[in-house]
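Contents: one structure, followed by commentary.
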There are 2 protein chains.
Amino acid sequence: MRPVDPQQFRFRLDLASGVPVYRQLIDQMLIAISSDVLRSGDQLPTVREVAVELSINLNTVVRAYKELEIRGVLKTQQGRGTFITEGTTVKPDEVLRQRRLLQMVSELVARAGGEGFSVSEIRRTLQECFPEEEQKRN
Amino acid sequence: MRPVDPQQFRFRLDLASGVPVYRQLIDQMLIAISSDVLRSGDQLPTVREVAVELSINLNTVVRAYKELEIRGVLKTQQGRGTFITEGTTVKPDEVLRQRRLLQMVSELVARAGGEGFSVSEIRRTLQECFPEEEQKRN
DNA sequence: ACTAGTGTACTAGTTAACTAATACAATGTC
DNA sequence: GACATTGTATTAGTTAACTAGTACACTAGT
């Protein structure tokens, strides 16, 4: 249950990216876990610490933590803190996994682009033909 | 410049689909043009006619017409009406084209799904790694 | 028990996408 | 030139996603 060493793990934001903050946090945690920077039982920085350090709202951090709790990656305990679930493995390797996905998506974009399709057309097709139930929300 | 025969071409909506109305209109026009139901010079039903028939707002129809005007498919003239641009061909065959895109996207979804990726992950990757300038708006 | 530190809950503000209400302007016919 | 018919423009309402403000509740150490 040791707290995480801030030297080892630290959130960073790219505000210009357009990627929602809470999702940046999620991604960084998953990557850190898969690359063993964060390990089972580790305590994550408290929601307030993160909020202050990144100058964002507490609830944004909560949202990120909560979503990973739903996925079973984290376990939060009121009054104590948030911890990496024991025995969590975040797939074989989340980094490689994401890279693989990026690879496949890139191929599609390239192939489709070669045939005159725009990215927004791809996005539209995805939305229209593969609607996914709305994200669970808390 | 003959007006379109309502027996030949008629908008229909699927309100339950979740697909924005203006985009349904656009898609139906493209399909109709590519399948030669609508031909160069044809006058489309007026924005008011469509709005009344579908019980939607006039501006929603305007938006659809306007977007296709931007793409060069339609030509509108205030006080006269909206017409299919002379010499328009909407690509070799927009229907086949869309089908082709759907094919490619479906393959990706299937392949990625087989490796444990969800549609929303695909969507996320697309958004994050292939951001596209926001749609032009009028 | 108190208290500092933790997560929780509730409410609200912001933005973008989409749709609507309503008034304005151009065209063509009489 | 009046008028019916057409597209145009401006403003606003609705919803969902995202973020923030603020008060509440649990935990642990003293």
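The shown structure was predicted, so the numbers you read here are calculated from the model rather than taken from an experiment. To find a chain, count down the sequence lines: A is the first, B the second, and so on, and within it residues start at 1.
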Side-chain N or O of [X] less than 4.0 angstrom from OP1 or OP2 on [N]?
X      : N       : value
T82(B) : dG7(D)  : yes
T76(A) : dT6(C)  : no
R63(B) : dC18(C) : yes
R80(A) : dA28(D) : yes
K66(B) : dA9(D)  : yes

Listed by chain and number, what are the side chain to side chain contact (heavy atoms under 4.5 Å, CB included) partners of E107(B), not counting sequence neighbours?
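E107(B) satisfies side chain to side chain contact (heavy atoms under 4.5 Å, CB included) with R111(A), Q103(B) once adjacent residues are dropped.
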Counting the atoms with a prime plus P, OP1 and OP2 as sugar-phosphate, which does [X] contact under 4.0 Å by heavy atoms, base, sugar-phosphate, or nothing?
X      : value
Y22(B) : sugar-phosphate
L58(A) : base
V21(B) : sugar-phosphate

Which nucleotide in [options] has an atom nearest any side-chain atom of [X]:
X      : options                   : value
Q78(A) : dT8(C), dT19(D), dT8(D)   : dT8(C)
P20(A) : dA20(C), dT19(D), dA20(D) : dT19(D)
E49(B) : dA20(D), dT6(D), dG7(D)   : dT6(D)

Could you pick out which residue, N59(A) or G79(A), lies toward the 5' side of DNA chain C when each is mapped onto its nearest nucleotide?
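Comparing both residues, the 5'-ward one is G79(A).
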First encountered from the 5' end of DNA chain C, between I56(B) and R48(B):
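Looking at the nearest nucleotide for each, I56(B) comes out on the 5' side.
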Provide the closest heavy-atom pair for Q28(A) versus F9(A) in the form atom of the first, atom of the second, distance.
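Taking Q28(A) first and F9(A) second, the nearest heavy atoms are O-CE1, 3.8 Å.
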Measure the distance from CZ on F83(A) to P on dG5(C) and round it to the nearest whole Å.
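Interatomic distance, CZ of F83(A) to P of dG5(C): 16 Å.
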Nearest whole Å is fine: how far is dA20(D) P from N57(A) CG?
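Value for this atom pair: 5 Å.
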